[in-house]
Amino acid sequence: MGKLFFPKTAAGNLVRNRRFFFPYLLTGLLTVAMFYNIAFLNWHKELRNLPGGGAIPSIMSLGMVVVGLFAVIFLLYTNSFLIKRRHKEIGLYNILGMSKRHIALVLFWETVYTCLITIVGGLAAGILLSKLMLLLLYKILFFEVAFGFSISPVSIAVTAVLFGAIYLAALGRNLLHVSLSKPVELLRGGSVGEKEPKTKAFLAVLGLLTLGAGYYIAITTTSPLDALMLFFLAVLLVIIGTYCLFVSGSIAFLKGLKKRKSYYYQAKHFIGVSGMLYRMKQNAVGLANICILSTMVLVMISTCVCMYLGVDDVLDTMYPHEITYTQYTSPEEPGDRSVQEEIVNMAVRKGLEPTKTQSVDVLRLTSNVGQGADFMPAQETNDLSDLVYTEIITADSYAQITGQTLALAPDQAAVYTTESDGDWTEVTVLGRSFPIAQWLETSPTGTHAAYSDRELILVVADYAALEDLFQRQLEMDNGQGQLNWEFSMDFADGTDQQAVMDLYDQLAQFTRQTQEIPDTVASRTAQEQSFYSTYGSLLFLGIFLGLLFLMATVLIIYYKQISEGYEDKERFRIMEQVGMSRQQVRTAIRSQVRAVFFLPLIGAVIHLAAAFQMIVRILSALSLTNVSLFALCCLGTVVVFGVGYLIIYRLTARTYYKIVR
């Protein structure tokens, strides 16, 4: 054999098998381009220097890890599909006299060509698209676009090494597969597995249990902190349940239909059930992959879009006032209220006219638990779901916030809580009891960036009661409580934002630094760009990964349609020979293809619906409490994805029908 025999044979194989190799090469090329771009943004120096740009590298680093893991898993998965489809071809090479060493050389050269096409082509495409990706990110973050074009040598090197290692691992798997297989087994590869699939009751039951457990966790978890802790456990259980039910549960269901003779022995049902039975055996894992990937796209896109569109809601929750100056006080360090006048004078000197000022004393207890009307510090035995977000303010502070006056005796309190329907006569906090003089219909301090959906807002008569409660929590060795004096200012709409920023910077230098806990200043305007940078980066990453997972979904669907097309071609011919008309056979095959094709989409929508409540809790922990906005984002994402899924079906179905005919 000449020196060029193996390279030429490998090149010819790629051309002859282009129906299989072209999507694989295109997917690899696009994955390389996408990984380069996420790495390019991670190491882009200009992004780090932008206002609020400190969070961008961390988010892009997470994106690199996700895309890298995805590339390893998915490219090895699709490579295993390709080598399986070529069993007969490789077996024929062996029968015709090529040794396994010769076959290994052919596979080696195929891998070399694959690397050259995907890595070199992907890097070239990635470099050309990098500026577009940067412009898109700038647009999302509301940054001014910088001129110029740059290439990241570090990103090129990391991308080349990663994907070179992936294709080397794929080659190793292929060589091991060929070396362990016998020529006769390879020649029969396409015909293996034609027996009726067996029902695996254990897997079916395991699937129901794990899926039910995942749904139960997602639906019943009410605490935002619990939701954060249990989310990945619920995801893992749902993934296990999805694979088990597609692999075994679907077969058990179809066999149950087969046992119903009155249903099964009808022409349209007979072909559909038997065809789907064999499809589930051979393609259950692929269908489960499509379902999981589709769920990831739906959850990721809807959540990231909701977070980005809800930035203003988050800012309103976390920063209800334009400027808030906070003093952390204690009996030993009562604070200096005289700074209030100086803060207002600073604003006036900046040309700012406060439309509203507010002076509030507040005690926040972040680790309280409630047992009926008794609220005490949490113990080690308490769960996160036991925590009750607690705020205590004075009647004067209540009047400052609401403009309404409460007439409270020294030992009385007004109460807003999620823990009672108004049937308590008194409430006990940190061992001190307060007769309830009035129930409040709404929280006077507004929506909170709370870690719990359980809440207690207590209005006491005066500062002495507030100070007494603070002293009690110190004596109970509960260092989570903090007594604050907060002075807030708001300005009219259209106020010069730069003047507000200048005031914020001046107040940051003005804060007292002599205390154990120094004073702080917060500003909605100052935090706005940082929030848009963080949430905008998450939106960009969500769209980026969504497109990546969608590409994987398309490729799996394409390969599934091709493999089923070649398998159904022979079945199609046999059905016509036994007397069924072409139209009857075509209708039966089309109905079962549609049923199997849209099953993963239905499963993905069900998964999203089950996860809805848990994601809402997680978003509330991130200060986003607009449930209707998230519902609209989920609905919009499902509609758009469903339309795209239908388009994918029609495009890949054409390939299927061309093969069958």
Side-chain angles (χ1 to χ4, degrees), residues 1 3 5-29 31-32 35 67-119 122 159-194 243 247 281-286 288-289 552 555-556 558-560 562-563 566-567:
M1 297 180 184
K3 294 182 178 180
F5 174 79
F6 297 109
K8 286 183 178 179
T9 302
N13 288 343
L14 295 181
V15 175
R16 284 190 297 273
N17 293 290
R18 57 185 177 274
R19 177 170 279 173
F20 300 107
F21 271 107
F22 177 75
Y24 177 64
L25 295 175
L26 180 61
T27 303
L29 188 150
T31 306
V32 170
F35 183 85
V67 176
L69 289 174
F70 168 84
V72 172
I73 296 171
F74 186 67
L75 291 179
L76 291 179
Y77 170 79
T78 50
N79 173 76
S80 65
F81 173 85
L82 286 176
I83 198 68
K84 180 180 178 182
R85 295 302 307 173
R86 299 180 64 199
H87 276 180
K88 287 186 177 181
E89 177 188 345
I90 295 172
L92 184 60
Y93 281 150
N94 211 312
I95 293 296
L96 293 177
M98 290 181 67
S99 66
K100 290 186 177 180
R101 184 176 69 85
H102 294 151
I103 296 174
L105 285 173
V106 173
L107 295 176
F108 167 77
W109 280 105
E110 289 178 359
T111 304
V112 170
Y113 293 143
T114 300
C115 286
L116 289 175
I117 294 171
T118 57
I119 297 178
T159 304
V161 170
L162 173 64
F163 284 87
I166 292 174
Y167 287 117
L168 183 62
L171 174 62
R173 285 187 59 182
N174 292 344
L175 295 179
L176 180 64
H177 185 77
V178 171
S179 65
L180 297 177
S181 301
K182 298 179 181 179
V184 176
E185 292 176 349
L186 293 172
L187 284 172
R188 294 189 312 173
S191 302
V192 174
E194 290 302 320
Y243 279 108
V247 170
K281 177 186 177 181
Q282 299 173 10
N283 299 299
V285 174
N289 288 335
L555 186 63
I556 293 175
Y558 177 79
Y559 280 146
K560 189 178 79 68
I562 288 180
S563 61
Y566 282 114
E567 292 163 4

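All heavy atoms count here, side chains included; hydrogens, waters and symmetry mates do not. Nothing fancy with the numbering, it's 1 onward along the sequence.
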Participant: Between atom CG of Leu171 and atom CH2 of Trp109, what is the distance when rounded to the nearest 0.5 Å?
Facilitator: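 Between Leu171 CG and Trp109 CH2, I get 12.5 Å after rounding to 0.5 Å.
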Participant: List for me each residue that meets ring-ring contact (aromatic ring centres under 6.0 Å, His included) alongside Phe74, sequence neighbours excluded, and say none if there are none.
Facilitator: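 Counting only residues at least two positions away or on another chain, Phe74 forms a ring-ring contact (aromatic ring centres under 6.0 Å, His included) with Phe70.
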Participant: Out of curiosity, Thr159 OG1 to Phe35 CZ, how far, rounded to the nearest 0.5 Å?
Facilitator: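 Here the rounded value is 5.0 Å.
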Participant: Rounded to the nearest 0.5 Å, how far does CG of Asn174 lie from CD1 of Ile83?
Facilitator: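 Between atom CD1 of Ile83 and atom CG of Asn174 there are 4.0 Å.
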Participant: About how many Å separate CD1 of Ile117 and CG of Leu14, when rounded to the nearest 0.5 Å?
Facilitator: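 Those atoms lie 6.0 Å apart.
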Participant: Report yes if some heavy atom in the side chain of Leu107 is under 4.5 Å from a heavy atom in the side chain of Leu175; otherwise report no.
Facilitator: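 With C-beta onward as the side chain, the pair touches.
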Participant: For Val15, is there any backbone N or O sitting under 3.5 Å from a side-chain donor or acceptor partner on Arg18?
Facilitator: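 Here the side-chain-to-backbone pair exists.
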Participant: Among Ile119, Val32, Val161, Val72, which residue meets the side chain to side chain contact (heavy atoms under 4.5 Å, CB included) test with Ile166?
Facilitator: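 Considering Ile119, Val32, Val161, Val72, a side chain to side chain contact (heavy atoms under 4.5 Å, CB included) with Ile166 is found only for Val72.
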Participant: By side chain to side chain donor-acceptor pair (under 3.5 Å), which residues pair with Tyr113, not counting sequence neighbours?
Facilitator: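 Tyr113: no side chain to side chain donor-acceptor pair (under 3.5 Å) contacts found.
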Participant: Within this structure, what is the CD-CG distance for the pair Glu110 and Leu82, rounded to the nearest 0.5 Å?
Facilitator: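 If I round to the nearest 0.5 Å, the distance is 9.5 Å.
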Participant: Say you draw a straight line from CZ of Phe21 to CG of Leu26; how long is it, rounded to the nearest 0.5 Å?
Facilitator: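 It is 14.5 Å, given to the nearest 0.5 Å.
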Participant: Do Leu75 and Asn79 have side-chain heavy atoms sitting under 4.5 Å apart?
Facilitator: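 No; the side chains remain at least 4.5 Å from each other.
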Participant: Report yes if some heavy atom in the side chain of Tyr243 is under 4.5 Å from a heavy atom in the side chain of Asn289; otherwise report no.
Facilitator: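 Yes. Closest side-chain heavy atoms under 4.5 Å.
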Participant: By side chain to side chain donor-acceptor pair (under 3.5 Å), which residues pair with Tyr167, not counting sequence neighbours?
Facilitator: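 Result, side chain to side chain donor-acceptor pair (under 3.5 Å) vs Tyr167: Thr118.
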